[in-house]
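Worksheet: one structure, shown below.
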Amino acid sequence: MTTPLPLSLFLFLLFIPAFCFTICHANSNLLCIESEREALLKFKNHLIDRSNGLSSWIEGGDCCEWTGIVCHNSTGHVNQLHLAPLSEPDEFATNAEWEAYYNSLLGGKINPSLLYNNNFSSIHIPKFFGLLESLQYLNLSYAQFQGAIPHNLGNLSKLQYLDLRGNDLKSKIPKWIFSLHGLLSIDLSVNSLEGPVPDYFGNTSFLEVLDLNLNNLNSSIPNFLYSLNRLHFLSLSSNQLQGTISSAIGNLSSVTHLDLSENQLNGQIPLSIGKLSSLELFDVLENQLNGQIPSSIGELSSLKYFDVSENQLNGIVLEIYFSNLTRLTTLKASQNMLRFEPNSSWIPPFQCQTIELGRWQLGLKFPYWLKFQKNLSELDISGAGISDFVPIWFLNLSLKFKYVNLSYNQLAGGISYLNVKDSVDLTSNRFTGPLSRLNLELAQLDVKTAFLHGSLFELVCHSLSRGRIEVLFIDKNLLTGEIPDCWNHLESLKILNLGNNNLTGKIPPSLGRTGLHWLNLRNNSMFGELPSTLQNLTNLCILDLSENHFSGNIPAWIDDKLSSLTVLSLRSNNFDGYIPHKICDLQYLQNLDLSHNNILGAIPNCLSNLSAMAYRRYQKNYQFLWASTRTTLISFSALLMLKGREDDYSATLGLVTSMDLSANSLTGEIPKELGSLVELRSLNLSRNLLTGNIPDEIGNMELESLDLSMNQLNGEIPSSFSNLNFLNHFNVSYNNLTGQIPTSTQLQSFENFSYMGNHLCGPPLTKHCSTKRSPPDVANNGSSSEGSNVNWLYVSIVLGFVMGFWGVVAPLFFIRSWRHAYYLKLDHVSRKLYVSWATMGM
């Protein structure tokens with residue numbers, strides 16, 4: 001006789017050694033790993049051990065000495081587990097032998113502690129699990145299994161809980177999973193499953209949990225899913241689901257957690273959503289839903305979390321929508337086109353911790369109903385059309401604020417105090433008053449485009465947040481005075497943007513003792529040389545000191561220490577000297593702007609070593625993920641002069657590559673080596689003293705903007721320029737260029753001023769070339785069928801003269817015998833001709 005559960009458990013335990021990659025003998029002198037000892041004890045606690053064979057498994061003991069345990073003799077990890085029962089007695093065994101055998105069979109449940117969060121990378125889920133026919137709970141989560149879900153798991157007819165989340169399973173979801181009629185919970189989330197959500201759920205009427213989030217599923221929501229009326233938890237988020245949400249969703253009467261976020265669902269939120277009386281979480285973030293928020297939302301009296309952000313919802317939201325939402329703690333609906341203007345006496349029935357209504361229309365007055373939110377921690381009412389003063393009651397509203405976003409409104413007045421712990425964004429308002437009043441204990445401050453004035457001294461040197469501040473944006477304000485020299489204790493500071501103010505003085509040395517990734521001091525009135533302490537900013541990616549009065553040489557330590565630089569802008573300063581050759585070793589540099597300075601000398605040939613301008617693999621995506629208690633994504637940005645205009649590049653900065661050396665005193669020829677920078681998109685060498693011909697190699701680049709104007713370049717425009725098919729800005733005016741403009745689809749599309757001040761001819765100029773020439777053959781790399789400019793008529797005349805003189809006249813002149821013979825011959829011929837003419841005349 002045998003019992004099914006112990007035999008199944010026995011088979012399972014026999015296969016456990018298959019997971020071990022190294023088989024070693026135990027070492028009794030080596031203590032086992034504590035986490036593995038705890039896992040084994042949890043495993044034992046769920047077993048029935050009638051023979052007391054696991055009596056050595058006790059708290060605090062060395063598990064490497066326990067019965068049935070074998071540890072690795074050097075690492076101490078458990079790598080073998082021997083729990084097989086006694087050998088089955090034969091037919092002649094005594095009752096005592098049979099009793100001992102049955103007692104040695106372990107029973108009970110298998111605790112998942114031996115399988116959860118292991119690393120079985122690069123192997124498939126073992127098929128032997130399909131042999132455990134009595135198995136009720138299978139948890140292989142975060143074990144890094146690969147491949148498909150094995151079909152023989154369909155044999156587990158008694159399975160109730162299946163958890164395969166957090167692996168790398170790549171296949172369609174097999175339909176047989178939903179034929180296991182006893183399943184209560186299915187978790188296949190965080191994998192790479194693809195294809196449709198199965199439209200057949202078999203006899204799974206008892207299913208309570210279905211989690212398929214973070215996969216690559218790409219169908220509509222199957223109608224059969226709406227019939228699972230015992231379902232409590234449904235998550236289909238972060239897939240590629242399409243289509244609409246059916247009104248049949250109202251049949252999910254037991255659901256408490258409904259997450260359909262980050263898909264491509266469209267249509268309206270069905271009115272039947274109000275039938276989900278047990279619903280606590282409703283999340284449809286980042287879809288393409290349209291129409292109005294249904295009024296039936298107000299019937300969800302159990303609702304705690306509501307997120308419809310980043311859709312295309314529109315219309316008016318009424319107070320009645322919130323009438324029964326007494327348990328609501330999270331309200332997120334930003335990035336829609338909704339309007340909510342309740343009565344000034346309205347008191348919300350809820351106490352929210354998070355309210356995000358960015359881009360709603362909340363009326364001109366500051367929302368008075370916020371006064372009654374005593375637990376508010378995170379608030380976003382950016383771009384809400386508010387034109388008012390920030391009321392005193394709001395400044396004293398909460399002692400628990402972590403995040404406040406009031407940006408892109410018309411809020412005015414001063415801010416005496418904001419009790420915010422992590423992040424505050426006051427960008428693009430009309431705030432006034434001294435900056436010193438912003439006594440903030442926070443990690444991020446953003447007050448771009450306001451009218452705050454005064455000194456940085458109080459904020460930087462006496463702020464309560466000095467030790468934890470990470471992001472400081474105070475550009476486009478009215479700050480004055482010098483930057484204080486008290487940055488030593490701001491080691492967490494990653495981003496500092498003080499651009500577009502009225503700051504003066506030198507860069508303080510202590511600024512180089514922070515952990516900056518991005519430093520922007522552009523458009524101030526600062527001066528002096530760059531302090532050597534800046535070389536300590538080894539993580540610096542963007543350095544923008546443009547439009548100031550900095551002077552001295554460009555320091556050579558920029559390469560040695562600032563090797564992570566991707567944007568370097570020293571534009572419009574008073575730097576002099578030469579371009580340091582060390583700058584050529586900045587392999588991640590994508591945007592270099594040294595224009596409008598007093599730099600001398602030749603352009604270094606080694607600029608061709610700037611790898612990010614030559615090879616795409618060196619290019620970075622400039623995004624800094626800032627997180628404290630809340631995750632905020634800040635895209636790096638830079639103001640660049642490209643295509644003849646100045647633009648702010650943010651989300652696309654990682655795609656831009658440029659080099660601007662214009663308006664200096666650079667001499668010599670343009671290095672042909674620059675032609676190897678095939679990933680460079682903008683090159684500006686204008687307003688220098690460059691001479692010589694334009695290198696043919698420039699035509700091999702993929703430039704979108706090229707400016708060589710106002711130099712002393714001569715010769716012709718290289719025929720290879722016919723290959724510059726992506727040009728949309730081009731200027732070679734005011735040089736000494738001659739000849740015909742090469743023919744191409746791009747070069748003839750520019751206006752005449754791109755070529756003026758030269759001696760050029762041909763389209764698009766009205767001046768015709770004096771000698772007819774065939775246009776360059778674009779298909780033949782732009783080379784002309786005439787070859788060079790040599791006039792072969794004159795060459796042939798000269799060659800004829802030389803051959804005639806040295807072949808005939810010269811020998812007669814120098815060789816006397818030839819000369820006598822030649823004249824005798826001429827005399828003989830002339831006599832014969834004379835006789836012939838005389839005879840004919842008679």
Side-chain angles (χ1 to χ4, degrees), residues 141-142 164-173 186-198 209-222 225-226 231-246 249 252 255-270 273 276 279-291 293-294 297 300 303-314 329-338 354-360 378 380 382 403 405 621 623 625-627 630-635 651:
S141 59
Y142 296 100
L164 303 179
R165 71 183 187 273
N167 287 285
D168 190 20
L169 302 176
K170 297 179 180 178
S171 67
K172 294 183 178 180
I173 299 176
I186 301 174
D187 192 343
L188 305 179
S189 61
V190 198
N191 278 287
S192 301
L193 299 172
E194 54 192 21
V197 179
V209 174
L210 178 61
D211 193 346
L212 303 178
N213 88 86
L214 274 170
N215 281 287
N216 298 315
L217 305 174
N218 57 7
S219 67
S220 59
I221 301 175
L225 186 147
Y226 298 119
L231 204 61
H232 291 178
F233 183 103
L234 174 62
S235 179
L236 304 177
S237 65
S238 301
N239 282 284
Q240 301 169 31
L241 300 180
Q242 305 160 2
T244 61
I245 302 174
S246 170
I249 199 169
L252 300 177
V255 73
T256 61
H257 182 111
L258 180 57
D259 189 352
L260 306 176
S261 62
E262 298 184 47
N263 281 288
Q264 300 169 22
L265 300 173
N266 53 44
Q268 298 185 3
I269 300 173
I273 199 77
L276 306 182
L279 191 63
E280 297 179 3
L281 181 146
F282 180 68
D283 192 347
V284 289
L285 161 75
E286 203 172 325
N287 278 282
Q288 300 168 17
L289 300 173
N290 52 46
I293 294 178
I297 289 292
L300 302 177
L303 193 63
K304 298 178 181 178
Y305 186 102
F306 181 74
D307 192 347
V308 293
S309 306
E310 298 184 47
N311 280 281
Q312 300 167 18
L313 301 173
N314 54 61
T329 60
T330 299
L331 173 59
K332 295 184 177 183
S334 295
Q335 310 304 315
N336 285 288
M337 295 171 284
L338 296 165
T354 299
I355 295 178
E356 296 183 2
L357 304 179
R359 290 186 62 185
W360 281 41
E378 300 181 356
D380 181 357
S382 59
Y403 168 76
N405 188 348
N621 182 17
Q623 290 183 332
L625 186 62
W626 169 83
R630 171 189 178 84
T631 301
T632 300
L633 187 65
I634 299 178
S635 297

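Everything quoted here is computed from the prediction, not taken from an experiment.
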Check the pair Tyr142, Val190 against side chain to side chain contact (heavy atoms under 4.5 Å, CB included), reporting the backbone distance first and the verdict last.
-> CA-CA 9 Å; Tyr142 296 100; Val190 198; 4.2 Å; yes
To the nearest 0.5 Å, atom CG of Asn191 lies from atom CD1 of Ile173 at 9.5 Å
Taking the side chain as every heavy atom from C-beta outward, state whether Leu265 and Thr244 have any pair of such atoms under 4.5 Å apart.
-> no
Search all heavy atoms of Pro270 against all heavy atoms of Ser246 and return the closest pair with its distance.
-> CG-O, 3.7 Å
Side-chain donor or acceptor of Ser334 paired with backbone N/O of Glu356 under 3.5 Å | yes
Between Asn336 (side chain) and Leu338 (backbone), is there a donor-acceptor pair under 3.5 Å?
-> no
Going by heavy atoms in the side chains, are Gln240 and Asn216 under 4.5 Å from each other?
-> yes
Distance, nearest 0.5 Å, that separates OG of Ser220 from CD1 of Ile245 = 12.0 Å
Measure the shortest side-chain to side-chain distance between Leu210 and Leu188 over non-hydrogen atoms and say whether it is less than 4.5 angstrom.
-> no
Yes or no on side chain to side chain contact (heavy atoms under 4.5 Å, CB included) for Leu217 and Leu236, after CA distance, side-chain angles and deciding distance?
-> CA-CA 9 Å; Leu217 305 174; Leu236 304 177; 5.7 Å; no
Can you tell me if Asn263 uses its side chain to pair, donor with acceptor, with the backbone of Asn239 under 3.5 Å?
-> yes
Dump the intermediate steps for side chain to side chain contact (heavy atoms under 4.5 Å, CB included) on Thr354 and Tyr403, then the final yes or no.
-> CA-CA 9 Å; Thr354 299; Tyr403 168 76; over 6 Å; no
Passing candidate, side chain to side chain contact (heavy atoms under 4.5 Å, CB included) with His257, options Leu281, Val209, Leu234 | Leu281
Is it true that a side-chain atom of Thr329 and a backbone atom of Lys304 form a donor plus acceptor pair closer than 3.5 Å?
-> yes
Between Trp360 (side chain) and Gln335 (backbone), is there a donor-acceptor pair under 3.5 Å?
-> no
Could you tell me whether the side chains of Ser238 and Asn213 share a donor-acceptor contact shorter than 3.5 Å?
-> no
Could you tell me which non-hydrogen atom of Asp211 sits nearest to which non-hydrogen atom of Ser235, and how far apart they are?
-> OD1-CB, 3.5 Å
Non-hydrogen atoms of Asn215 and Ser192 that approach each other most closely | OD1-N, 3.4 Å
List the atom of Asn167, the atom of Ser141, and the distance in Å for their closest heavy-atom pair.
-> ND2-CA, 4.1 Å
Check: Val197 and Leu212 side chains under 4.5 Å, non-hydrogen atoms | yes
Have a look at Val284 and tell me which of Leu313, Leu258, Leu260 forms a side chain to side chain contact (heavy atoms under 4.5 Å, CB included) with it.
-> Leu260
For the residue pair Leu357 and Leu331, establish whether any side-chain heavy-atom pair is separated by less than 4.5 Å.
-> yes
Where do Ile297 and Phe306 come nearest, in terms of heavy atoms and distance?
-> CD1-CE1, 3.7 Å
Hey, does Leu214 have a side-chain heavy atom less than 4.5 Å from the side chain of Ser237?
-> no
Hey, could you give me the CD/CD distance between Gln288 and Gln312, rounded to the nearest 0.5 Å?
-> 6.0 Å
For Ser309 and Lys332, the nearest pair of non-hydrogen atoms, with its separation, is OG-C, 3.4 Å
Quick one: does Ser261's side chain get under 4.5 Å of Glu286's, heavy atoms only?
-> no
Indicate yes or no for a side-chain donor-acceptor contact from Asn405 to the backbone of Asp380 under 3.5 Å, with no hydrogens or angles considered.
-> no
Which distance, rounded to the nearest 0.5 Å, do you find between the OG1 of Thr330 and the CG of Asp307?
-> 8.5 Å
Starting at CG of Leu241, measure out to CD of Glu262 and round the result to the nearest 0.5 Å.
-> 12.0 Å
Would you give the length of the straight line joining atom CG of Leu225 to atom CG of Leu252, rounded to the nearest 0.5 angstrom?
-> 6.5 Å
Decide yes or no for Leu279 and Thr256: does some side-chain heavy atom of the first lie under 4.5 Å from some side-chain heavy atom of the second?
-> no
